[in-house]
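One-based numbering along the sequence shown.
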Amino acid sequence: MTSKAKRNVYLCQVNHNFGNQAWLPYSVGSIQAYCQNNEEIAENFEFKELLFLREDPDAVARRLENPKVIGISCYIWNWEYSKKLAELVKTYHPECLIVLGGPHVPRVLGSFFENHPFVDLLVHFEGEIAFSEILIEFLNPEPNYENIKSLSYVGDQGERVNTPLRNLKYDLSILPSPYLSNVFDPLMELPYEFQGSQETHRGCPYSCTFCDWGSATMSKVRKIEEDRLHAELEWFGRNEIEVLYNCDANFGIFARDYDLAVKTVETKVKYGYPRSFRTAFAKNSNDRVFQISSVLNDAGMSKGATLSFQSMDAHTLDLIKRKNMKVNNFSELMKQYRSSGIPPYTELIIAMPGETYESFANGIDMLTSAGQHDSLNIYVCMILPNSQLGDADYMAEHGVETVRVPINLRYSTPSKDSITEYHDIIISTKAMPLEDWKRAYMFSWAVQCLHGFNLTQFLSIFLYAEYEISYRTFYEGFLDYCTDNPDLIIGKEYCEMLEIVERVLQGGSWDVILPKFGEVVWPPEGASFLKFVDERDQYFSEMKGFVEYLITNAGVEIDDTLLDDVVRYQKEMTLSPYQKAKRVNFEYDLQNFFAGAS
C-alpha cells in the first residue's frame, strides 16, 4: 500500500547576516512547531526547508519543490524582499497559496491587494493558530477561509474580506517551543554562528502611539511556562548560540524574570553559551531591572541597561501616551548603575508630535546634566504601519510629514541583492518644522559622535563642572564652529553630514561604508567617529581651537597649561570611554576630577 503524497509547505523569515552570524527564524519556527503537532496536518503536509537567508529571491523561488503553501513572516527589515519572493513564487508556482503574516502586514489595507495580486491571504497578529487553520481548510476541494479569524483576502466576487480579529487571551501553553520540537535541528549543521530569540511573555500593557506592541488586542500580557524556558536555555547552551535576544516588550516586569536571568547565566557557566544576552527592559526601571542587569553584567553577557525616555517634554509624552520616570530618579539610577560598573543607555526619538527643537535640545541637556555620559542613543522617528502614529487622522492633527528612505541596517554586512528595504521617517511636524528637524538631527549627530563615543565627553564634563558651560552650549557651539571653519577636518565632516541629511530628505540612504574599516554599514555618527579617530592628532588640535573659541564666547578664562592637559587627557581616554586611566602624568589631578564629575 502506497502512502498518500503530502503537500509541501515552506515557511520563510528572512533577515540580514552580520558577517557569519545569522538569526534563527523563531517566528516561523513557532508556527511549524504548532502545526506539526496537529495530526491532520502531519498526515497531509510536509514542512520543507526553512527559508531564512537573504538569498537571490528568484533562485529561491525556482528551487522550491512543488510548493502548495508558503507562509512568509514580514518585518520592516524584510518587507520588500518578502513581497518580491511572494511574487516570484506565484510566478513559478501559480497554484501555491501565498500567505503573509508578521508585524509589518498592514491592518489598514487601502489598495494593498490591487497592488499585490500575488498575495492570497494576510494574517494579522499571532500566526500559529491561524496558519494551522489555513492548512486544514486548504485540504478542502474549494477552501473557504471566512471562518478563520484575523485574515484579510479577496473573495470570489472580488470583494474585500476581513474576518473578525482573534481573541489573543488564550493560554500560551498550547504553543510548543520550536527549539524543543527539533524544528531548527537541520539548521545547526550549517556553517553559521547562530543568534537565537526567546520570548518569556507576549503582549505589552502600554499604548505608546509610536509603537504597535501595546495595541488594544495585545495589551494583555501572557506568560510562557518556566519549564519550557529553562529547557530552551539548555538548548541554547548545547547548540552554542552566540547571542540570545529576549524578545519581550518589558523584560523585568515580572518577579520571575530575575530567576530567568540567573538561569541564563548558569547556562553560560555550564556550556560557555549563550555568550551574550540582549533585551528590552521594563519601560520604567526599578530595583528588579537593576538586579537583572547586575547579574548579566557580572557574567559579561550584557552591554548595559537601557533607561528609555523617547522624549523629555511633558506635552510630547502626553501626546504619545507615555509616562517617564522623574529626572531626579533617573539621576539616582545613573549613579547606582555606574557605581556597579553597568553602562546605562538612554534612548530619545527626534520629532515626536509636540516636540520642538527647544524641548529636544533641552531634553538632551537635561539628561547629560543628570549624568548620562555612557550612551545616549537618538533615533529618527519612523512610522510603523500599525501604530497610532501611522494613522492618517493622527498624522494630520499633528502636521506630520514624512519621507520614504532606505533603512540604515547599521553594523550589518552590505546586502548583495538589489532589493532595498524602506521605512517612512518623520521630517516635519507642526511643532518641529523641517529646518528645526535638520538642526535637531545635526545636534543629535554631534552629541552621539562626540559625547557618546567619548571624543569630547571629558572636555564637556570639565567645562560644565568648572565654568558652568552647559552641554547644550558646548555641542551647539561645536556646530557653529564647524560652520565657520569648513576647511578643518571637523568642518569638512560637518559639511559631509549636511550632505547626507539632504540626500536623505530626497529619499536617499543613511548608509556610510568606509572601505578602510571593512565591509560594514555604519550609521553616520559611527562613521564620523572612525574618521576623526583615524586623524586624531589633527582632530584634537582642532578641538583645542574649538574650546578656546567656546570659552571666549562664554566670557571665561582658562590657563593654557590646564587647557593643554584637559585636551591631552581627552585624547588619552578617547579609545577607552569606560576605563579610567591607570596613570596620567598631568600637572592637574584630572583623573580624580573626572571620576568625581562624571
Q) Hey, what do you get for CG (Asn15) to OH (Tyr81), rounding to the nearest 0.5 Å? A) 11.5 Å
Q: Consider only side-chain N and O atoms of Glu355 and Ser311, and report whether a donor and an acceptor are under 3.5 Å apart.
A: yes
(Q) Any donor-acceptor pair under 3.5 Å linking the side-chain atoms of Ser132 with those of Asn38? (A) no
Q) Are Arg275 and Glu193 close enough for a salt bridge, meaning some N to O gap below 4.0 Å? A) no
Q) So, Glu242 versus Gln195: side-chain donor-acceptor pair below 3.5 Å or not? A) no
Q: Flag the pair Lys270 / Thr267 as yes when at least one side-chain heavy-atom distance between them is below 4.5 Å, and no otherwise.
A: no
Q.
Measuring only between side-chain heavy atoms, which start at C-beta, is Glu126 closer than 4.5 Å to Tyr170?
A. yes
Q) Can Arg202 and Glu128 be counted as an ion pair, charged N to O under 4.0 angstrom? A) yes
Q.
Is it the case that the side chains of Thr368 and His373 hold a donor-acceptor pair, with the cut-off being a distance below 3.5 Å and no angle test?
A. no
**Q.** Ring center gap for Tyr179 and Phe236 short of 6.0 angstrom
**A.** yes
Q: Could you tell me whether Glu199 and Lys223 have a side-chain N and a carboxylate O separated by less than 4.0 Å?
A: no
Q.
Taking the side chain as everything from C-beta on, heavy atoms only, tell me whether Asn239 gets closer than 4.5 Å to Tyr273.
A. no
(Q) So, using salt bridge (Lys or Arg N to Asp or Glu O under 4.0 Å) as the criterion, who are the partners of Lys6 when residues are at least two apart? (A) none
Q | Any donor-acceptor N/O pair, Glu421 side chain to Glu80 backbone, under 3.5 Å | A | yes
Q: Report yes or no: does Asp248 contribute a side-chain atom to a donor-acceptor pair with the main-chain N or O of Ala282 at less than 3.5 Å?
A: no
Q: Report yes if some heavy atom in the side chain of Asn408 is under 4.5 Å from a heavy atom in the side chain of Trp522; otherwise report no.
A: no
Q | Pair Thr402-Asp424, side-chain donor/acceptor within less than 3.5 Å | A | no
Q | No-hydrogen, no-angle side-chain donor-acceptor test under 3.5 Å, Asn377 and Ser375 | A | yes
Q.
Main chain of Leu151, side chain of Thr163: is a donor-acceptor contact present, judged purely on distance under 3.5 Å?
A. yes
Q | Any side-chain heavy-atom pair of Phe47 and Asn8 under 4.5 Å | A | no
Q: Without swapping roles, check the side chain of Asn246 against the backbone of Ala280 for a donor-acceptor pair under 3.5 Å.
A: no
Q) Between Tyr75 and Ser82, does any side-chain donor sit less than 3.5 Å from a side-chain acceptor? A) no
Q) Do Leu348 and Tyr379 touch side chain to side chain, with heavy atoms closer than 4.5 Å? A) no
**Q.** Ile72 side chain reached by Trp79 side chain, heavy atoms, under 4.5 Å
**A.** no
Q.
For the backbone of Ser293 and the side chain of Asn297, can you confirm whether one donor and one acceptor N or O come within less than 3.5 Å of each other?
A. no
Q: Could you tell me whether Lys48 atom NZ has more than 12 heavy atoms of other residues or ligands within 6.0 Å of it?
A: yes
